[in-house]
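A short worksheet on the structure shown next.
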Amino acid sequence: MDIKKVKRSDNYSAWYNSLVKNADLAEHSDVKGCMVIKPYGYAIWEKMQADLDRRFKETGHQNAYFPLFIPKSFFTKEASHVDGFAKECAVVTHYRLKVDPITKEIVVDPDAKLEEELIVRPTSETIIWNSYRSWIKSYRDLPLLINQWANVVRWEMRTRLFLRTTEFLWQEGHTAHATADEAIGETKQMLDVYADFAENILAVPVIKGVKSANERFAGAIETYCIEGLMQDGKALQMGTSHFLGQNFAKAFDVKYVTKENKQEYVWATSWGVSTRLMGALIMSHSDDEGLVLPPNLAPIQVVIIPIFRKEEEKILVLEKAKEIQKVLKSKHISVKLDDRDNLTPGFKFAEYELKGVPVRIAIGPRDVQNESVEVARRDTKEKQVMSVVDIENKIEHLLSQIQKNIFQKALDYRDEHITAVNTWDEFLDALENKTGFVSAHWDGTTETEIKIKEMTKATIRCIPLNNKLEDGKCVLTGNASTQRVLFAKSY
RNA sequence: CGGGGUGUAGCGUAGCCUGGUAUCGCGCCACAUUUGGGAUGUGGAGGUCGUAGGUUCAAAUCCUGCCACCCCGACCA
């Protein structure tokens, strides 16, 4: 393995790209803007999926699957929705290829034109709500709580591995409710699920909030979000949960009969997180040595590296290593014993650091002799010699300490990078020199928000939930304001 | 869409200006010695030089067209 070291401080974006490739998470495919997620990267995504899926089911949701293709007519039924997505849709127009009789090349058969074009889903509200029309007849059918794991396509002009790819993997929840209150409750509940997952599993602290009108999802009444802060001081939207009101119910004529035998439109939510979370994970914790994975997501939590010179040492060391592997496994710790004999220990140390394995155990003849092992943690790079007595409990404890430490470190960084400002000069200074979130008064108009974006590239990331109300003056216009909002440059 | 760049072995590259049998490193295979922080030696395998055409006795190299991807920006519910 020949690793070109790119320093995080020199070029954050080059560092990120080389990390994704070198840690074997993903690579660019030959299709523009699309990536191949490699087994190690996919294993992390699968762990995210498994944990989220469990949480969705615990909150009463069921999984289902809807088609990849959406008839154009469905897609255009909700006006603001189509406005929001029209510019980035892949469209299927034909269903057959043929050999051109003259050039002998494979070409699209012009005779195989579809009557109605199919949109490759950028999100599935429309096709799902088209089904819900026939699924929902009575108040007894509500709430309808569905989630789908799927791929979607958004034809973005500019892409970045995991953060914004043309095709990406995600889950999208789509629920229907009898009342607005219940739907809003669902929206907030799922936001809490996301926030809890982000902080306790990804170890990425997030701010829960609502989007400004300008940043709201196309077709939503209110968009709730969780916002994270990456190590370069840019914000990342990590998940959204939308209260859709009756917009889609009206567009797709989804009504139910109440107890009182009245026809009412249902109330909707949708919510999603994507493989972008992989980007958040990488950018929040990693360093110049490579990936740093929180134990709760690491496909390999502990790697054991045996060290030996002679054949008889090898036998002894491997025997002890297997013993340790076994007791760790009894604690449901995922352990890899790397007994490859063509690589030196030093090489393996570096390799597992690159891959972010939280704990490394080295065991050599000396350790076998002393009934000890050398334990190294990835997050702090600390090494210590530990007795093998009760090793499984010690490692289990260490893993949970590492999980906490990684989160705390990210939290400290995040909190240090929220700057309250009162003047335009302070605003610019904080944004340029300190980076991160800037907490400032805003007059509440889209006009001002857009002006600020044009001048600074910063957008309103969110209006934090449970925000303190205080009188103030808009940082740009000086107009009256009732609360601070969070601005930042973002991905 | 604008600006910049790249395309040569699995990966990373040299060669291109000044045309003449394809360079080096990593990785891979074999053997030996090694193994507590990215081992060493010896031998070996691996190439339609992105693609199509042109110039030429001869093209990775010069000319023309095309394609693809990457980076920066615009865009991004």
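Please read these numbers as outputs of a predicted model, since none were measured by experiment.
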- [ ] Please determine, for the side chain of A:F347, which listed nucleotide (B:rC71, B:rG38, B:rG36) has the closest atom?
- [x] B:rG38
Open item on the list: Of the listed nucleotides (B:rC75, B:rC76, B:rC28), which one gets closest to any side-chain atom of A:M157?
Closed with: B:rC75
- [ ] Can you tell me the distance, in whole Å, between the CZ atom of A:F349 and the P atom of B:rU35?
- [x] 14 Å
Open item on the list: Pick the closest RNA chain B nucleotide for A:T240 and for A:A350 by heavy atoms, then say which residue is nearer the 5' end.
Closed with: A:A350
- [ ] Considering just the side-chain nitrogens and oxygens of A:T344, establish if one lies under 4.0 Å of OP1 or OP2 belonging to B:rU35.
- [x] no
- [ ] Under 4.0 Å between any heavy atoms, over every strand shown, what does A:Q237 touch: base, sugar-phosphate, or nothing? Just pick one.
- [x] base
TODO: Look at the side chain of A:E353 and the base of B:rG37, then say whether one donor and one acceptor between them are separated by less than 3.5 Å.
DONE: yes
Task: Spacing of the P atoms in B:rC24 and B:rU33 (rounded, Å) - done: 29 Å
Task: Interatomic distance at P, B:rC17 relative to B:rA60, whole Å - done: 12 Å
Give every pair of a protein N or O atom and an N or O atom of nucleotides 67-70 of chain B that lie under 3.5 Å apart, one pair per line with the distance.
from: B:rC69; atom 1: OP1; to: A:K32; atom 2: N; distance (Å): 2.5
from: B:rC70; atom 1: OP1; to: A:H28; atom 2: ND1; distance (Å): 3.3

Open item on the list: Check this for me: A:K72, atom NZ, are more than 12 non-hydrogen atoms of other residues, nucleotides or ligands nearer than 6.0 Å?
Closed with: no
Open item on the list: Applying the Watson-Crick and G-U wobble criteria at under 3.5 Å, what pairs with B:rA30? Answer none if nothing qualifies.
Closed with: B:rU42
Task: Test: A:E323 and A:K320 ion pair at under 4.0 Å - done: yes
Open item on the list: Can you pull out every side chain to side chain donor-acceptor pair (under 3.5 Å) where at least one residue sits in residues 444-453 of chain A? Sequence neighbours excluded, please.
Closed with: A:S212-A:E449, A:D443-A:T445, A:D443-A:T448, A:T445-A:T448
TODO: Under 4.0 Å from any atom of RNA chain B, heavy atoms only: list the residues of residues 374-392 of chain A that qualify, in numerical order.
DONE: A:E374, A:K383
Open item on the list: Looking at A:R360 and B:rG37, is any side-chain donor or acceptor paired with a base atom of the opposite kind under 3.5 Å?
Closed with: yes
Open item on the list: The side chain of A:K457 is closest to which nucleotide in this list: B:rG36, B:rU35, B:rA74?
Closed with: B:rA74
TODO: Return the set of residues passing side chain to side chain contact (heavy atoms under 4.5 Å, CB included) with A:P299 (not counting sequence neighbours), or none when no residue passes.
DONE: A:Y40, A:A43, A:I44, A:L293
Task: Pair A:K38 + A:D24, salt bridge at N-O below 4.0 Å - done: yes
Open item on the list: From the set B:rC28, B:rU35, B:rC76, return the single nucleotide nearest to any side-chain atom of A:N342.
Closed with: B:rC28
Task: A:E353: side chain to side chain contact (heavy atoms under 4.5 Å, CB included) partners, not counting sequence neighbours - done: A:E289, A:R360, A:R378
Task: Donor-acceptor under 3.5 Å (A:E167 side chain, A:V153 main chain) - done: no
TODO: Look only at the side chain of A:N147 and the backbone of A:N63, and say whether a donor-acceptor pair between them is shorter than 3.5 Å.
DONE: no
Open item on the list: Between B:rG25 and B:rG44, how far apart are the two P atoms, rounded to whole Å?
Closed with: 14 Å
Task: Base-pairing assignment for B:rC75 (Watson-Crick or G-U wobble, both under 3.5 Å) - done: none
Task: All side chain to side chain contact (heavy atoms under 4.5 Å, CB included) counterparts of A:K98, not counting sequence neighbours - done: A:V107, A:D109, A:P110
Task: Whole-Å distance separating the CZ atom of A:F217 from the P atom of B:rC76 - done: 15 Å
- [ ] Searching all strands shown, indicate the nucleotide that pairs with B:rC66 (Watson-Crick or G-U wobble; both distances under 3.5 Å).
- [x] B:rG50
- [ ] Specify whether A:H61 and A:F56 have parallel, tilted or perpendicular ring planes, treating 30° as the upper limit for parallel and 60° as the lower limit for perpendicular.
- [x] perpendicular
- [ ] Both distances under 3.5 Å, Watson-Crick or G-U wobble: report the partner of B:rC57, or none.
- [x] B:rG20
Open item on the list: For a quick check of understanding: with a heavy-atom distance under 4.0 Å over all strands, which category does A:P122 fall into, base, sugar-phosphate or nothing?
Closed with: nothing
Task: Distance below 4.0 Å between A:R366 side-chain N/O and B:rG36 OP1 or OP2 - done: no
Open item on the list: It should be established whether A:K314 places a side-chain nitrogen or oxygen under 4.0 Å from OP1 or OP2 of nucleotide B:rU34.
Closed with: no
